[in-house]
Structures are given as structure tokens and as C-alpha cells.
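Atoms within a ligand are numbered from 1 in the order they appear, just like the ligands themselves. The basis for the numbers below is simple: all heavy atoms, side chains too, and nothing from hydrogens, waters or symmetry mates.
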Amino acid sequence: MRVMVTGGAGYIGSHTVRHLTAAGHQVVVYDNLSTGFAWAVGDAPLVRGDLADHALLAETLNRNRFDAVLHFAAYTVVPESVCDPLRYYANNTLNTWRLLQACAEAGVEHFVFSSTAAVYGMPEQMPVSEEAPLAPINPYGASKMMSERMLMDLGAASDLRYVSLRYFNVAGADPSGELGQATANATHLIKVACEAAVGQRDGITVFGTDYSTPDGTCVRDFIHVEDLARAHVQALAHLEEGGESRVLNCGYGRGYSVLEVIEAVKRCSGRDFQVRYGARRAGDPGEVVADNSRMLAALDWRPRYADLDTIVGHALAWEEEGLPRRLAR
Ligand SMILES: NC(=O)c1ccc[n+]([C@@H]2O[C@H](COP(=O)([O-])OP(=O)(O)OC[C@H]3O[C@@H](n4cnc5c(N)ncnc54)[C@H](O)[C@@H]3O)[C@@H](O)[C@H]2O)c1
Ligand SMILES: O=c1ccn([C@@H]2O[C@H](COP(=O)(O)OP(=O)(O)O[C@H]3O[C@H](CO)[C@@H](O)[C@H](O)[C@H]3O)[C@@H](O)[C@H]2O)c(=O)[nH]1
């Protein structure tokens, strides 16, 4: 298929571009490089542009006649969205509207959307299934919930078929060491802890120790970025084969606490680092773990790296060797 990948120069998008290309798809990346990197797209053509640039977006879509669009481009940091909600609604909701409008005009028939577990807020039932009420507790989650809704309504009103993938917490890196998360000033737990382990930070702060969880720290379901990238290839195959629109949780169904993650990073790296205990961070739910049964039934997908030490090991190797090698090129 001919596919356009918005946000393909970012962390998850770039891993997915590699898998799409390996599966034989022709990929064009559309990215403004606000948090992504041109090197991350590999040999795929890169259109450097913003989703708000309707003329460039329309021209790119009309020139290439894409069979599908995979939409990763967004702002992604929960606490940032609490401080600056309009920036999040503009880039995540309004720009998704712009993209959907351009796709409708260009006759794009298949769409894969990067949604998030943050649409659930603080779910009452754990693990959380796709049928749970959507009740985001931060603007980031709300901005994605609205995008999902637009996609659903457009799907009902047109020939567009889509898969909304609700990612849980994404971590890890390409095991070959070519790709990984290069985000500047990252706030993601596993990346921050790995940076502390390799001496790039003077330690880590645990945000909140008074949650109703076994050790009082937040619990998350971490999915390896490579497994998630393969899920996109399978979502595309599902649409190509005529499959109906789906909303699917992408997680492993196993939660780890913040303290368990920090222990894993210490164990895998063999290094100790300072751990400080701070207040809760705005917008954080206590526990979020996926019921992934719908995903396992809908797609030809099985996790390969559903082991915390494997995820951490690959993330550490990227911090220690992959990223410095990349930056030295
Ligand atoms: N990282 C996670 O744990 C996680 C979890 C759930 C959902 N998601 C979603 O996955 C997607 C990718 O996240 P990521 O972690 O790879 O983030 P990222 O910041 O590495 O990637 C986002 C990419 O989008 C590009 N971009 C942003 N705004 C743009 C715009 N207006 N026009 C063009 N390009 C733009 C950035 O330059 C970047 O390359 C996002 O939609 C995010 O909400 C991420
Ligand atoms: O230095 C740190 C960083 C994080 N945390 C905690 O670790 C947990 C996970 O935080 P983080 O890695 O920032 O992820 P989330 O806030 O859960 O959000 C991620 O996961 C969501 C899906 O669950 C995605 O939608 C978001 O884009 C992505 O950033 C939270 O309890 C944080 O408070 C710390 O205690 N210290």
C-alpha cells in the first residue's frame, strides 16, 4: 500500500516506518520535526511540514494518492497538557480535524490513529477494556478522545475505515540499536530512569507514593515499541483485507509500579542512582492496565517482548550505545 505517516520522524512513528517498509509498503513521512528527527525516517521520503499547513497537506495527499494514512503526529506529555491545554487541543484535536478534512477531500480510505489509554482517565475496572467509559482526567487524554470521536463519526458518514489503537505506556528501542527514543528533555519513566542509570541525569524523582496501589506508586502497562510497531502493520493488513473499523487497546495486560520499573533499570544496568520521593504529578491516574483480548482476537498479532527486563534492556542499550553512536554520525 501507499501510506502517509504523520509524525513518522518521532519515537513510535519511526519504528513503525521501518516495519511498514520491511513489509513492502511505500511510505511517505509528513512531520514538522518539532520533536522528531530527520535521521529517524531512514530511507523513507520526508515532507517537512505542519498539519496546520492545509495547502502542503492537500498537495502531498493529492500527489501521492495514498491508500492509507497513519496518524502519529501530536503532543504527548500529560503534565504539559495540564499547564497548556489549548496548545494540546490545537495540535491534537484541531490538527486531526484538519488532517481528516484533507483525507476526506483526497479520498483516503484507510486510517490508523494513535490513541491512548489516557482516554479512560481513572478506570473503575482493571484491566480496562475498550467498553469502559471514556473519562479522561487531563487535556491530553481529552484531546485524543475528541479525535477518536471525529474519526468514528466520519467513518459512519463515509467510506473511511479506521483502526484507533489505544496505546498504553510505550517504551524500549529497536534491538538492532538503529532506532530508539531520542526525545529531548523526555519525561517518560523508563527513558528518564535509563538516563539516570547511564549518568545523564543525577537521579529520578518518584511522583507520588500515596496512590491506592500495592507500593503506593503509580502502575502502568508498558508495551515494547517494536511490538506496537508491528501492531500497526497488522492494523493496516486488517483494513486492506476489508476488515471493519476497530478500536483496540495496545498493552500486555500486566502492570508494573514506578518503583518496580526503577528496580528493573537498576538490576539490568547493574548501576545504582539516586531516587527522590516527590509529590504527585498533575493529571496522573493511579493504575492503568490493558485488557488486550480484543486486540489479540482482531489482529494477527502476538507480543514478542512482553517482559519488563527486555524492554528496559533495549532502552538501556539505546541510551548507552545507540543514541551516542547516532549523535556522533
Ligand atoms: N509514547 C507513549 O507512551 C504514547 C502512549 C500513547 C499514545 N501515544 C501517541 O503516539 C503518538 C506518537 O508519540 P511519540 O511518543 O512517538 O511522540 P514523538 O513526539 O516522538 O512523535 C510525534 C511526532 O509528531 C511530529 N509532530 C507533532 N506535531 C506535528 C504537527 N503539527 N505537524 C507535523 N508533525 C508534527 C513531531 O515532530 C514528532 O516527530 C502520539 O500521537 C502520542 O499521543 C504515545
Ligand atoms: O521522572 C518520572 C517520570 C514518570 N514518573 C511516573 O511514572 C508514571 C508514568 O509516567 P510517564 O512515563 O510520563 O507516562 P504517562 O504519564 O503514563 O503517559 C504516557 O502513557 C500514556 C498512555 O498511558 C500516553 O498517552 C502518553 O503519551 C505517555 O506519555 C507516572 O505515574 C509518572 O508520575 C515518575 O514518577 N518520575
Does a donor on one side chain sit under 3.5 Å from an acceptor on the other, for [X] and [Y]?
X: Y140; Y: E80; answer: no
X: H314; Y: H224; answer: yes
X: T213; Y: E287; answer: no
X: E240; Y: H110; answer: no
X: Y277; Y: T205; answer: no
X: T96; Y: H71; answer: yes
X: Y252; Y: D227; answer: yes
X: N249; Y: Y120; answer: yes

Numbered atoms of ligand 1 (with element) below 4.0 Å of [X], judged on heavy atoms:
X: S115; value: 6 (C), 7 (C)
X: L33; value: 37 (O)
X: N95; value: 31 (N)
X: Y140; value: 6 (C), 7 (C), 8 (N), 9 (C), 42 (C), 43 (O)
X: G36; value: 36 (C), 37 (O), 38 (C), 39 (O)
X: V170; value: 2 (C), 3 (O), 4 (C), 5 (C)
X: F72; value: 11 (C), 12 (C), 40 (C), 41 (O)
X: S34; value: 26 (N), 27 (C), 28 (N), 36 (C), 37 (O)

[X] and [Y] ion-paired at < 4.0 Å:
X: D284; Y: R280; value: no
X: E320; Y: R271; value: yes
X: E178; Y: R326; value: yes
X: E226; Y: R230; value: no
X: D307; Y: R254; value: no

Identify the protein heavy atom lying closest to [atom], giving its residue, its atom name and the separation to 0.1 Å.
atom: atom 17 (O) of ligand 1; value: T76 CG2, 3.6 Å
atom: atom 23 (C) of ligand 1; value: G7 CA, 3.6 Å
atom: atom 33 (O) of ligand 2; value: D284 OD2, 2.6 Å
atom: atom 34 (C) of ligand 2; value: F207 CD1, 3.3 Å
atom: atom 6 (C) of ligand 1; value: Y167 CB, 3.4 Å
atom: atom 8 (C) of ligand 2; value: V258 CG2, 4.0 Å
atom: atom 26 (C) of ligand 2; value: T76 O, 3.6 Å
atom: atom 36 (N) of ligand 2; value: T205 O, 2.8 Å
atom: atom 3 (C) of ligand 2; value: T187 O, 3.3 Å
atom: atom 15 (P) of ligand 2; value: N169 ND2, 3.5 Å

Measure the distances from the heavy atoms of A117 to every atom of ligand 1 and state whether one is below 4.0 angstrom.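 Under 4.0 Å: no for A117.
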
If we only count N/O pairs under 3.5 Å, is [X] in contact with ligand 1?
X: F37; value: no
X: N91; value: yes
X: G10; value: yes
X: N32; value: yes
X: D31; value: yes
X: N169; value: no
X: G13; value: no

Ring centres of Y162 and H238 under 6.0 Å apart?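 No - the distance between ring centres of Y162 and H238 does not fall below the 6.0 Å cut-off.
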
Using heavy atoms and a threshold below 4.0 Å, how should the contact between [X] and ligand 1 be classified: side chain, backbone, both, or neither?
X: T6; result: neither
X: K144; result: side chain
X: N92; result: neither

According to a 4.5 Å side-chain heavy-atom criterion applied to Ile, Leu, Val, Met, Phe, Trp and Tyr, with indirect links allowed, do V163 and L154 form part of one hydrophobic cluster? no

Do I204 and R201 come within less than 4.5 Å of each other through their side chains, counting heavy atoms only?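 They are not in side-chain contact.
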
Heavy-atom nearest neighbour of atom 16 (O) of ligand 2 within options H188, R281, E287: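 Going through H188, R281, E287 one by one, R281 has the nearest heavy atom to atom 16 (O) of ligand 2.
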
L259, T116, V261, V77: member with heavy atom nearest to atom 21 (C) of ligand 2: T116

E319 side chain to L316 main-chain N or O, any donor-acceptor pair under 3.5 Å?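 No; judged by distance alone, with no hydrogens or angles, the pair does not exist.
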
Does S147 reach the main-chain N or O of S143 with its side chain, forming a donor-acceptor pair under 3.5 Å?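 Yes, because the side chain of S147 sits within donor-acceptor range (under 3.5 Å) of the backbone of S143.
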
